[in-house]
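Each remark here refers to the structure printed beneath this line.
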Amino acid sequence: MSPSTSPRLLAEKEVARHCTKDSCWVLLGTRVYDVTSFLRMHPGGKALLLQRSGKDVSPEMEGPPHRHSENARRWMEQYYIGELDKDRGTDEAQTVRERRKAGEQTGRGKVDERTGEHTTGEDENADYNQCSPVDLDKDLVDWRKPLAWQVGHLREKYDAWVHQPVDRPIRLFGNPLMEAGTKTSWYWVPVVWLPVVFYFSWYCYTTLAEGTTRVNLTPGISVTLHKYYFPLLFLLGWFLWSFIEYCIHRFVFHMKPPAHNYYLITIHFLLHGQHHKMFLLLRRVVLHSLHLTARDWSSPPAWPLLWWGVSI
């Protein structure tokens with residue numbers, strides 16, 4: 001909703017009716033949000049939002065168990081559609097009605113008979129505003145051009161900029177081939193890596209089955225590893241890689257690059273920063289968080305290597 005648009009007044013019963021995947025509204029206090037288009041993108045899954053559709057999500061936003069960040073709250077504002085008129089006697093509802101009435105009496109623009117919204121004219125960037133609230137003329141980067149070589153010039157402003165998420169496409173490179181190389185379909189990950197996983201898993205198991213694999217604890221003491229240890233090595237490899245990946249994500253990708261170093265800022269954005277700017281990169285190749293990585297099968301390739309290394 002444009003800042004110049006008078007907010008809609010929505011009855012509580014009307015909000016409660018929008019509780020399906022085709023039309024999902026939620027409340028944050030007296031503010032009403034249409035999050036239908038956000039269902040498929042919600043990091044916690046659409047089921048959580050559908051369970052709370054037509055209701056106030058303030059307790060969930062504040063937590064526990066998960067308190068939503070300021071970035072999440074800013075992101076939510078693009079789905080704002082109006083105010084709840086629960087009690088016509090309240091000061092807040094009265095203020096909203098007065099603001100709407102004053103807007104209609106100014107004579108500027110026109111009032112939509114279906115929504116009751118007061119409009120002031122066509123928005124020059126309507127196509128972009130439907131996607132995100134980015135101001136193309138005032139933003140720190142030019143969204144009409146590839147971002148990869150721009151972000152390094154942000155310097156001390158980069159950290160604040162990259163943590164203000166947007167809901168719009170990101171283009172990294174101007175060259176079509178380079179840009180295509182940064183994207184992949186989900187099914188290519190298992191197609192490429194599952195054969196590798198199966199091969200090294202089988203190699204590890206057959207090596208252990210020979211009964212010749214020993215681990216030297218001290219110069220005079222060694223332990224034979226039998227094939228029955230394979231499940232344990234499997235779980236150990238899973239844990240070790242997950243732990244290593246978490247440490248890389250927590251302490252490397254979330255570190256603040258030096259403001260004076262153009263190249264480190266650019267590398268940070270290409271490896272992980274873009275995931276913070278547009279966290280729903282459906283096809284973009286990006287080294288993102290642990291739980292997403294486990295979900296999209298990008299961690300298993302290292303498991304058999306770890307198992308094999310322990311068993312030799």
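- Between atom OH of residue Tyr80 and atom CG of residue Leu28 there is a gap of 11.0 Å, rounded to the nearest 0.5 Å.
- Listed for the Glu179 side chain is no donor-acceptor partner under 3.5 Å among the backbone atoms of Gly174.
- Under the 4.5 Å side-chain criterion, counting only non-hydrogen atoms from C-beta, Leu235 is not in contact with Phe239.
- Two residues are said to be in side-chain contact when any heavy atoms from C-beta on lie closer than 4.5 Å; Val151 and Val162 fail this criterion.
- The environment of Tyr229 atom OH is sparse: at most 12 non-hydrogen atoms of other residues, nucleotides or ligands sit within 6.0 angstrom.
- Note that CZ of Phe234 is 6.5 Å distant from CZ of Phe230, once rounded to the nearest 0.5 Å.
- Pro190 and Pro195 get closest at one heavy-atom pair: O-CD, 3.7 Å.
- Of the possible donor and acceptor atoms, one in the side chain of Thr218 sits under 3.5 Å from a partner among the backbone N and O of Ile221.
- Looking only at distances, no side-chain donor or acceptor of Glu245 sits under 3.5 Å from a matching main-chain atom of Trp241.
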### Query
Which is it for Ile81 and Leu10 under the side-chain contact (heavy atoms from CB on, under 4.5 Å) test, yes or no, and what are the steps along the way?
CA-CA 9 Å; Ile81 59 173; Leu10 300 164; 4.1 Å; yes
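- Contact detail for His18 and Ser53: the closest heavy-atom pair is O-CB, 3.9 Å.
- In this structure, Arg17 and Trp25 have side chains that are not in contact, with every pair of non-hydrogen atoms separated by 4.5 Å or more.
- Side-chain atoms of Asp34 and Thr36 include a donor-acceptor pair closer than 3.5 Å.
- Closest approach of Ser58 and Gly29 over heavy atoms only: OG-N, 3.3 Å.
- Contact of the Val26 side chain with the Met76 side chain is registered, since non-hydrogen atoms from C-beta on lie closer than 4.5 Å.
- Residues Leu208 and Tyr228 form no side-chain contact, since every pair of their non-hydrogen atoms from C-beta on lies 4.5 Å or further apart.
- Considering all non-hydrogen atoms of both residues, Thr224 and Gly211 come closest at CG2-O, 3.8 Å.
- A continuous path of ILVMFWY side-chain contacts below 4.5 Å connects Tyr205 to Val215, so both sit in one hydrophobic cluster.
- The minimum heavy-atom distance between Leu172 and Pro146, with the atom names listed, is O-CB, 3.3 Å.
- Classification of the His272-His268 ring pair by plane angle, with boundaries at 30° and 60°, yields perpendicular.
- Cluster annotation: Val192 and Tyr203 are assigned to the same hydrophobic cluster (Ile/Leu/Val/Met/Phe/Trp/Tyr, side-chain heavy-atom contacts under 4.5 Å, transitive).
- No continuous path of hydrophobic side-chain contacts links Ile170 to Leu177 [ILVMFWY only; heavy atoms under 4.5 Å].
- With hydrogens and angles left out, the side-chain atoms of His276 and His254 include a donor and acceptor closer than 3.5 Å.
- Atom CG in Asn261 sits 12.0 Å away from atom OH in Tyr158 (nearest 0.5 Å).
- Connection of Phe269 to Leu154 is established within a shared hydrophobic cluster, with ILVMFWY side chains joined at heavy-atom distances below 4.5 Å, either directly or through further cluster members.
- Within 6.0 Å of CZ in Arg250 there are 12 or fewer heavy atoms belonging to other residues, nucleotides or ligands.
- Separation of atoms CG (Leu49) and CZ (Arg40) is listed at 13.0 Å; rounding is to 0.5 Å.
- Checked against the 6.0 Å centroid threshold, His275 and Phe253 do not count as a close aromatic pair.
- Closest of all the heavy-atom pairs between Pro169 and Trp143 is O-CZ3, 3.9 Å.
- Residues Glu83 and Arg8 are not paired through a salt bridge, judged by the lack of any N-O separation under 4.0 Å between the basic side chain and the carboxylate.
- To the nearest 0.5 Å, atom NE2 of residue His226 and atom OG1 of residue Thr213 are 10.0 Å apart.
- Using a 4.5 Å cut-off on side-chain heavy atoms (C-beta onward), Tyr33 and Val57 make no contact.
- Not one N or O on the side chain of Lys277 forms a donor-acceptor pair closer than 3.5 Å with the backbone of His163.
- In this structure, the separation between NZ on Lys157 and CD1 on Ile265 is 12.5 Å, given to the nearest 0.5 Å.
- By the 6.0 Å contact criterion, CZ on Phe251 is enclosed, its count of non-hydrogen atoms from other residues, nucleotides or ligands being greater than 12.
- Residue Tyr79 is grouped with residue Leu50 when hydrophobic side chains (ILVMFWY) are merged at heavy-atom distances under 4.5 angstrom, including chains of intermediate members.
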